[in-house]
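Atoms considered below: every heavy atom in the structure, side chains included; atoms not considered: hydrogens, waters and symmetry mates. Computed from a prediction, not measured in an experiment: that's the story for all the values here. Note on naming: letters A, B, ... go to the chains in the order of the sequence lines (proteins, then strands), and numbering restarts at 1 for each one.
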Protein chains: 2
Amino acid sequence: MTTACQACPLRKKPLFQQMSDDELVFMQKFKKGELSVQAGTTILLEGAASPQLFTVLRGQGLRYKTLEDGRRQVVNFVFAGDFLGLQSALMGEMKHTTEATTDMVLCVFDRNELWNLFRTHPGRGYDLTFLGATEEHFLGDALATLGQREAIERVAWALMRMWRRAEGLGLTGSGTAPLPWKQQDLADAVGLSLVHTNKTLARLKREGIAVWQDGRLALPNRARLAEIAMYDDGDIVQRPLF
Amino acid sequence: MTTACQACPLRKKPLFQQMSDDELVFMQKFKKGELSVQAGTTILLEGAASPQLFTVLRGQGLRYKTLEDGRRQVVNFVFAGDFLGLQSALMGEMKHTTEATTDMVLCVFDRNELWNLFRTHPGRGYDLTFLGATEEHFLGDALATLGQREAIERVAWALMRMWRRAEGLGLTGSGTAPLPWKQQDLADAVGLSLVHTNKTLARLKREGIAVWQDGRLALPNRARLAEIAMYDDGDIVQRPLF
DNA sequence: CGTCTTATTGACATATTTCAACAAAGGTGG
DNA sequence: CCACCTTTGTTGAAATATGTCAATAAGACG
């Protein structure tokens, strides 16, 4: 009773590159099933080797690293279309934890077939490398944000980022984007304390730039937010889907 | 008069995975020549599409992003064995600048043959993806360092990182590692001001933990440095060489 | 009706930045 | 060979952005 790749709702989204018929057939074979998890579930655990790879079909999540002393760095927010577990498949173990923030549905792949993928479908292997390069690009931007920008710029950057990603998935039709995370999650993503993050969000709201409440984000002054964030709109490019 | 891959001095270093004879032959064909550049030269420019890919054969460099207002984030320090330009080859343009800190020698590859590589040598394609995952891992660690750690921990982390990398290349035989960069470069890497970076380095020196002067780093108390850095020694794994 | 989680706000503490001045070293041109 | 200038490193004092502490509010849930 799973979704056929043919009928995958993500394929038509503007965010993703088109797939050839041949690739579609291959992906259907590659796909082993679906996994439904409740909000709060840990999908991949830092330090563990996962026998599986996932593509997010529905729902949102969080990827983070935990330091020895308990501090936490949110590495990225997880949206539909994200491919999870590649690190583990290649390097033996995950370097961060992935957790479901909302209920989620994931396509499941077998990591043992990854090598097969490279051998029989070099185009898909190429796409996987591309995906890695995309992630690398994102992390470079994030690094520059944490290293060089002040609080309001960091928060603005993170909000822009999430907004754009939601937009690429066609989730902003209502004028708001779903952001089911907590302020603490954002704080851990941008490297600020919870209190200061809260005050910064309050300022953006007070100035009529961005309003994040009840799990949804509205941008009454998106241009201004992009300006504060020094956000490069070419930032998100079409990406391959797995 | 270039170095034959067969005789590549990097191949035997403990840092790199071994290559099959077949792969060696292929790499020799893939390699188009060598490029020698002087210290200070820009090798790859942010925003530009490079027709070439490089592997660092000798020398050290720097990768950084520049923000609109001139602030600079050093993304990573470049050592021998690093593969440069993959982002440009896959995504059309580089997302950061790469610059030679010392004189450098680079192996040159043709980006147009990248697709060929995936098709005819899936194992090498796999390795390329692996390399991307390694970089992603590193950037995740860097992000956690900038986001969650205080000044002395950040500096300690960066020094450990560079030391370990030099060690993997067999560069620490003398008891010191070559670190040809400026304090400003380190400051831009860890997201601290130059002044505070300087004072933090002074403290590490005063306490007999790490001494960086005249372009070389000595670690009279490496255990303590690793402790401050919360440095995970399993951090650097064997990587493929291109 | 309590209890728990999340968001909010003010007051205070402090790590880090900024400003400024100086020292050491190397290069250049007279 | 020496004055001069540029680059890099060093140090103290003052300014400030952000963190920490503490208390309250608002909603969810059993």
Going 5' to 3' along DNA chain C, which nucleotides are the first and last within contact of chain A (any atom under 4.0 Å from a heavy atom)?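 So the outermost contacting nucleotides come out as dT6(C) to dA11(C).
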
Who pairs with Asp103(B) by side chain to side chain contact (heavy atoms under 4.5 Å, CB included), at least two apart in sequence or on another chain?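 Listed in chain order: Gln38(B), Ala39(B).
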
Taking only Lys NZ, Arg NE, NH1 and NH2, and the carboxylate oxygens of Asp or Glu, determine whether [X] and [Y] approach each other closer than 4.0 Å.
X	Y	result
Glu46(B)	Arg63(B)	no
Lys13(A)	Glu167(A)	no
Arg222(B)	Glu227(B)	no

Run the salt bridge (Lys or Arg N to Asp or Glu O under 4.0 Å) test against Arg72(B) and tell me which residues pass, sequence neighbours left out.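 Counting only residues at least two positions away or on another chain, Arg72(B) forms a salt bridge (Lys or Arg N to Asp or Glu O under 4.0 Å) with Asp185(B), Asp188(B).
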
Under the salt bridge (Lys or Arg N to Asp or Glu O under 4.0 Å) rule, collect the residues that match up with Asp82(A), sequence neighbours excluded.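 Applying salt bridge (Lys or Arg N to Asp or Glu O under 4.0 Å) to Asp82(A) gives Arg165(A), Arg239(A).
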
5' to 3', nucleotides 25-30 of chain D under a 4.0 Å protein heavy-atom cut-off (B base, S sugar-phosphate only, - none) gives ------

Donor-acceptor under 3.5 Å (Lys65(B) side chain, Lys95(B) main chain):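 The answer is yes, because a donor-acceptor pair under 3.5 Å joins these two groups.
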
Going by number, which of residues 190-203 of chain B have a non-hydrogen atom under 4.0 Å from DNA chain C?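 Heavy-atom contacts with DNA chain C come from Gly191(B), Leu192(B), Ser193(B), Val195(B), His196(B).
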
In residues 143-163 of chain A, which residues come under 4.0 Å of DNA chain C by heavy atom?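 The answer is none.
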
Write out all pairs satisfying ring pair (Phe, Tyr, Trp, His ring centres under 6.0 Å) with one or both partners inside residues 33-77 of chain B, taking only residues at least two apart or from two chains.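 Listed once each, the pairs are Phe77(B)-Trp181(B).
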
Would you call Gln73(B) and Leu146(B) a side-chain contact if the rule is heavy atoms closer than 4.5 Å?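 They are in contact (side-chain heavy atoms under 4.5 Å apart), so the answer is yes.
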
Are the side chains of Trp157(B) and Arg149(B) in contact, using a 4.5 Å heavy-atom criterion?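 Side chain of Arg149(B) against side chain of Trp157(B), heavy atoms only: contact under 4.5 Å found.
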
Which donor-acceptor pairs under 3.5 Å do the side chains of residues 210-220 of chain B make with protein atoms, sequence neighbours left out?
from, atom 1, to, atom 2, distance (Å)
Trp212(B), NE1, Leu179(B), O, 3.2
Arg216(B), NE, Thr176(B), OG1, 2.6
Arg216(B), NH2, Thr176(B), O, 3.2
Arg216(B), NH2, Thr176(B), OG1, 3.4

Using rotation axes that map the C1' atoms of four end pairs onto the next four (five pairs an end), what angle separates the end axes of the helix from dC1(C)-dG30(D) to dG30(C)-dC1(D), to 10°?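 End axes: 30° apart.
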
Evaluate whether atom CZ of Arg58(A) has more than 12 neighbouring non-hydrogen atoms of other residues, nucleotides or ligands under 6.0 angstrom away.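 No, the 6.0 Å shell around CZ holds no more than 12 heavy atoms from other groups.
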
By side-chain hydrogen bond (donor to acceptor under 3.5 Å, both in side chains), which residues pair with Gln52(A), not counting sequence neighbours?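 If we apply the side-chain hydrogen bond (donor to acceptor under 3.5 Å, both in side chains) test to Gln52(A), skipping adjacent residues, there are no hits.
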
Among Leu106(B), Val108(B), Leu57(B), Thr55(B), exactly one meets side-chain contact (heavy atoms from CB on, under 4.5 Å) together with Glu34(B). Which residue is that?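 That would be Leu57(B); it is the only one of Leu106(B), Val108(B), Leu57(B), Thr55(B) passing the side-chain contact (heavy atoms from CB on, under 4.5 Å) with Glu34(B).
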
Under 4.0 angstrom between Gln213(B) side-chain N/O and dT8(D) OP1 or OP2: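 Answer is no, no contact under 4.0 Å.
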
Side-chain donor-acceptor distances from residues 200-208 of chain A under 3.5 Å, at least two apart:
from, atom 1, to, atom 2, distance (Å)
Thr200(A), OG1, His196(A), O, 2.7
Arg203(A), NE, Glu207(A), OE2, 3.2

